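Structure, as structure tokens:
Below, read A as the first sequence line, B as the second, and so on, with proteins coming before strands; counting in each chain starts at 1. For clarity, every value in this text was computed on a predicted model and none was experimentally measured.
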Number of protein chains: 2
Amino acid sequence: MLRLTKKADYGLMALKYLAEQQTLAASIRNGANPAQSAKDIAEAYHIPPQLLAKILQTLAKAGLLVSHAGTNGGYSLARSAHDITAFEVIRAIDGPLFITSCITIHGTCDLAGHCTIKEPLRKVNDSIKDLLNGIRISDLIDPAETNPSAALAGGLVSIGL
Amino acid sequence: MLRLTKKADYGLMALKYLAEQQTLAASIRNGANPAQSAKDIAEAYHIPPQLLAKILQTLAKAGLLVSHAGTNGGYSLARSAHDITAFEVIRAIDGPLFITSCITIHGTCDLAGHCTIKEPLRKVNDSIKDLLNGIRISDLIDPAETNPSAALAGGLVSIGL
DNA sequence: GCGAAGCAAGACCAAAGCGGTCGGAGATGT
DNA sequence: ACATCTCCGACCGCTTTGGTCTTGCTTCGC
């Protein structure tokens, strides 16, 4: 029903990987954050290296990653894994798309006047946005399996139309 | 970021329209549910008639609508507007797609083993599903504007990873 | 200083999904 | 039985997406 592009998927995986490496390195020795190359990450997850490279470039341009050129270069997180949300990553890669074509970037509806379902859907849109905003990269590394499904099964969804 | 196809949009609009007409007809005279033609609905919302026709066909096949061929034929809701959720409509039109390509219809990940973000995203997926499941066609007709944004601004989003 | 390793940035391409159109098949009311 | 209205399935072009190739620039090791 709702699709997230493969690029965004890859982006999230890459960020998770970087976060893992970073915390790992920090625990071993408080040393310089070791900038993983795009190739390394691509190999770790078996995804096309050049495609990932392009995604990482995008994320770097968005300010989520910092790139380091030259030999032994690579990418590292621009911020703490705890301060990067899934929403930011997706937005950076897929752009500011919305759940419905009604809600354009200008807030105007193509079918202005006729489209009467805009408002309810906008609220769904906002809910999803909040949902993704609540997920941080640090939440992805080692799921920790805290209360597996209780919150979902429960009545967390109570959108007021 | 997350996109809902135009078809699903149209489908929701059409169902809303049918729900309106149905309750309207019921209030005027408790008469036979008047089967609106695809053309009528399309004209009401200024959307391509033949495209809407195809969408309505899909919805009919999914059991959400009943079609009535021949002169003065058309479509009418198969169930009460209160018993049809937005999720059903979207699923019927866009198919059982998922937020991430990792979560296929078989539940297996293309990158089995490597993809480690599957589980958190699946929960997001379920949350969105629940969200849409909570919206009924009857909620769309005349938004009623009950507590406009309180529920959203509040802490409704508390997905447990 | 030179060359290799790695990022950066652009064009480019194939496949798939989406939006939209057309001509027929079938039912209905007269 | 006919004309008409509607549903229905096949068809088609376009945009987006996923992915590749090429070129250039920057930095590090020697």
hydrophobic_cluster_shared for B:L18 and B:V66, side chain cutoff 4.5 Å: no
Residue A:P48, side-chain heavy atoms: nucleotide from D:dC7, D:dT20, D:dG18 that is nearest: D:dT20
Full working for salt bridge (charged side-chain N to carboxylate O under 4.0 Å, His left out) between A:R136 and A:E88: CA-CA 9 Å; A:R136 293 182 267 288; A:E88 287 180 283; over 6 Å; no
Stepwise side-chain contact (heavy atoms from CB on, under 4.5 Å) check, A:L12 with B:L121: CA-CA 10 Å; A:L12 284 172; B:L121 285 185; 4.3 Å; yes
Per-nucleotide protein contact string for nucleotides 24-30 of chain C (B base, S sugar-phosphate only, - none; heavy atom under 4.0 Å): ---BB--
Distance, rounded to the nearest Å, where A:K54 contributes NZ and C:dC12 contributes C1': 10 Å
A:R79 side chain vs A:D83 backbone, donor-acceptor pair below 3.5 Å: yes
Distance (rounded to the nearest 0.5 Å) between B:I47 CD1 and B:D9 CG: 9.5 Å
Protein-nucleotide distance (A:L18, atom CG; C:dC7, atom C1'), rounded to Å: 14 Å
Interatomic distance where CG belongs to A:D40 and C1' belongs to C:dA5 [whole Å]: 12 Å
Atom-to-atom span, OH of B:Y10 to P of C:dG19 - whole angstrom: 8 Å
Separation of A:I41 CD1 from A:Q21 CD (nearest 0.5 Å): 8.5 Å
Protein-nucleotide distance (A:Q36, atom CD; C:dG6, atom P), rounded to Å: 11 Å
Interatomic distance where CD1 belongs to A:I55 and P belongs to C:dG10 [whole Å]: 17 Å
Sugar-phosphate, base or nothing in reach of A:A38, heavy atoms under 4.0 Å: sugar-phosphate
Verdict with reasoning, B:L65 to B:L15, per side-chain contact (heavy atoms from CB on, under 4.5 Å): CA-CA 9 Å; B:L65 294 178; B:L15 259 74; 4.2 Å; yes
D:dT16 OP1/OP2 closer than 4.0 Å to side-chain N/O of A:T5: no
Rounded interatomic separation in angstrom, taking CD from A:Q50 and P from D:dG18: 17 Å
Protein-nucleotide distance (B:L52, atom CG; D:dT6, atom P), rounded to Å: 13 Å
